[in-house]
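Read the numbers this way: they start at 1 and go in the same order the structure lists the ligands and their atoms. Numbers here simply count residues along the sequence, with the first being 1. Computed from heavy atoms alone, side chains included, the values below leave out hydrogens, waters and symmetry copies.
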Amino acid sequence: MKHLLISLGLVVVAQTSAQTLKTLADARGIHIGAAVTFPGSPAVYDTTLNREFNGIVCENAMKFGSIMTGENSFSYTGADAIVNFGVARGMFVRGHNFLWHKQMPSWFSSTSYTPSRDSTFRMMKKYINAVMTHFKGKINEWDIVNEAVARDSVGMRPGTGAFAADQNSKWALLTDAANHNYDYIDSAFAYARRADSTVLLVYNDYDCEGMGKKSNMVYNIVSGLKSKGLVDVIGLQCHFYVGPSTSGSNGAWVPSELVTNFQRLAALGLRISLTEVDVRIQTSPAPDAALLALQRDGYKTLMSICLAQPACKSFFTWGVNDAQSWVPGSFSGYGVALLFDNTSSGSPATFTRKGTYLGVQEALLATTNLRGLRANGLRLIPLDAHSRGFDLRGRNLSVFPYNPNFVIRKSITSQHKQ
Ligand code: G3I
């Protein structure tokens, strides 16, 4: 009997491990996706995407600097290739992103570009309208504002203190952040809602997955936006590390805090998307078996937490394989943060599934929370339900709760009321 049980167990393991992440995720109503830079080259990259993922997002091709090449010119070639790849395969397509303090076009970041507050809003509206119109019907959810809050102890961008120099947001600076006025956030969401009411709108940020000062600030932002009908999804980036680290607080995470934070965000009526998951570990010296096991368990835990929270709908990794990951370039001595290994060439080239992959697979297999088949249809969000009460600059909106010094300016010019 014992022998039989063991045999049966082996059979079960053999069967289940053959199921891809995509197959498992489809059946559990969750989007598992990856950020990509070059679908179509090499071919195995496509093969892996097709086999393992039901979601996709442009790592860089859809950012402001990639798309809006001039004040009146747009370039969609790179983004089109990735978005159309996803649409053709019925993937859940994320848009990333509209307003960020990095990867801006040079004409915008130039110190000689100093439009008035009103002109900045006009340009922002034109930008969002044009890009959302171009991709209409293809994008499921879109990061409208990315990383408006700096790290702990700094506050809203532009902040003060240690991180101020590299964390300024030109969007904030041009639209009156000097007076603690951050209505560019509401405005961007309002423009987006009006441009395409079928897209789920996302506020996306990092280091706010657990509990803490930044997490509270992000909670207050999305709470305010949600009360005005302007946001549908909180995007939690999830750039994590496990193991001994000297890289500061950035990326440290406590699973129980995630559970708590997910609960309070879900209670606002928001969907939760894990948008840029990677779990980096020390690579120099090379990681030992214990560290790799910790990393595998980290991925498993994160997916388990998402599956246990009905509001958590998406789990996107920030890249497919370690060779294309942003991590080693930004965290010296850290890496191997993704689900597939470094191999990206050879004949035929192959991406090998890592322990991290098996951790995610185990979590998917273990869940009893089958949510039904994944639905990918774009939905229409009734415009009237969301657009009441504010103009295109978000002017009728109440004071943001996170900043007691917030100043509401009354000088609305007529052109913003359309
Ligand atoms: O395109 C140029 C190329 O022409 C040039 O030769 C090369 C030389 O370094 O640089 C290329 O641009 C690089 C770009 O990625 C495209 O590869 C930039 O230097 C590089 O800084 C940029 O890094 C990206 C980073 O955002 C920028 O901050 C990463 O690939 C991308 O993974 C990363 O993604 C962000 C998310 O958007 C937001 N959340 C954090 C996440 C990680 O930083």
When you check the side-chain N and O atoms of [X] and [Y], is any donor under 3.5 Å from an acceptor?
X	Y	answer
S215	R264	yes
N97	E147	no
Y45	Q324	no
S66	Q103	no
N50	R89	yes

Check: Between the candidates W318, W326, Y206, W100, which shows the shortest non-hydrogen contact distance to atom 34 (O) of ligand 1?
Finding: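 The nearest heavy atom belongs to W318.
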Next item on the list: Can you figure out which of K102, M62, Q103 has its heavy atom closest to atom 27 (C) of ligand 1?
Entry: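 Heavy atom nearest to atom 27 (C) of ligand 1 belongs to Q103.
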[atom] protein-contacted, heavy-atom criterion under 4.0 angstrom:
atom	answer
atom 22 (C) of ligand 1	yes
atom 5 (C) of ligand 1	no
atom 31 (C) of ligand 1	yes
atom 18 (C) of ligand 1	no
atom 36 (C) of ligand 1	yes
atom 12 (O) of ligand 1	no
atom 1 (O) of ligand 1	no
atom 43 (O) of ligand 1	yes

Item checked: Residue portion contacting ligand 1 (non-hydrogen atoms closer than 4.0 Å) for N146 ->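 The side chain, only.
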For ligand 1, which is the ligand I care about here, please tell me if [X] has any N or O atom under 3.5 Å from one of the ligand's N or O atoms.
X	result
E147	yes
E276	yes
K63	yes

Next item on the list: Identify, for atom 24 (C) of ligand 1, the protein heavy atom at the shortest distance, and state residue, atom and that distance.
Entry: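 Here the nearest protein heavy atom works out to N60 OD1, 3.5 Å.
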Check: Any Lys/Arg nitrogen of R122 or D118 sitting under 4.0 Å from an Asp/Glu carboxylate oxygen of the other?
Finding: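 Salt bridge absent between R122 and D118.
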Next item on the list: Output, in order, the C-alpha distance, side-chain angles, deciding distance and verdict of salt bridge (charged side-chain N to carboxylate O under 4.0 Å, His left out) for D143 and K63.
Entry: CA-CA 10 Å; D143 299 332; K63 290 171 180 170; over 6 Å; no
Notebook entry, point to check: Is the W171-F108 ring centre distance short of 6.0 angstrom?
Noted result: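 Centroid distance W171-F108: below 6.0 Å, so yes.
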Next item on the list: Taking the six-membered ring of Y113 (Phe, Tyr or Trp), confirm whether the NZ or CZ of K170 is under 6.0 Å from its centre and within 45° of its axis.
Entry: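 No.
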Margin query: Looking at F240, I'd like to know if the NZ or CZ of R280 sits under 6.0 Å from its six-membered ring centre while staying within 45 degrees of the ring's axis.
Written below: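 Output no; distance or angle outside limits.
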Next item on the list: Show which atoms of ligand 1 fall inside a sub-4.0 Å distance from at least one heavy-atom site of Q237.
Entry: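 In order of number, 39 (N), 40 (C).
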Notebook entry, point to check: Which ligand 1 atoms does E59 reach within 4.0 Å, using its non-hydrogen atoms?
Noted result: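 Taking each heavy atom of E59 in turn, ligand 1 has 29 (C), 30 (O), 31 (C), 32 (O) under 4.0 Å.
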Item checked: Flag side-chain contact, heavy atom, 4.5 Å: S314 against F92 ->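 Sidechains of F92 and S314: in contact.
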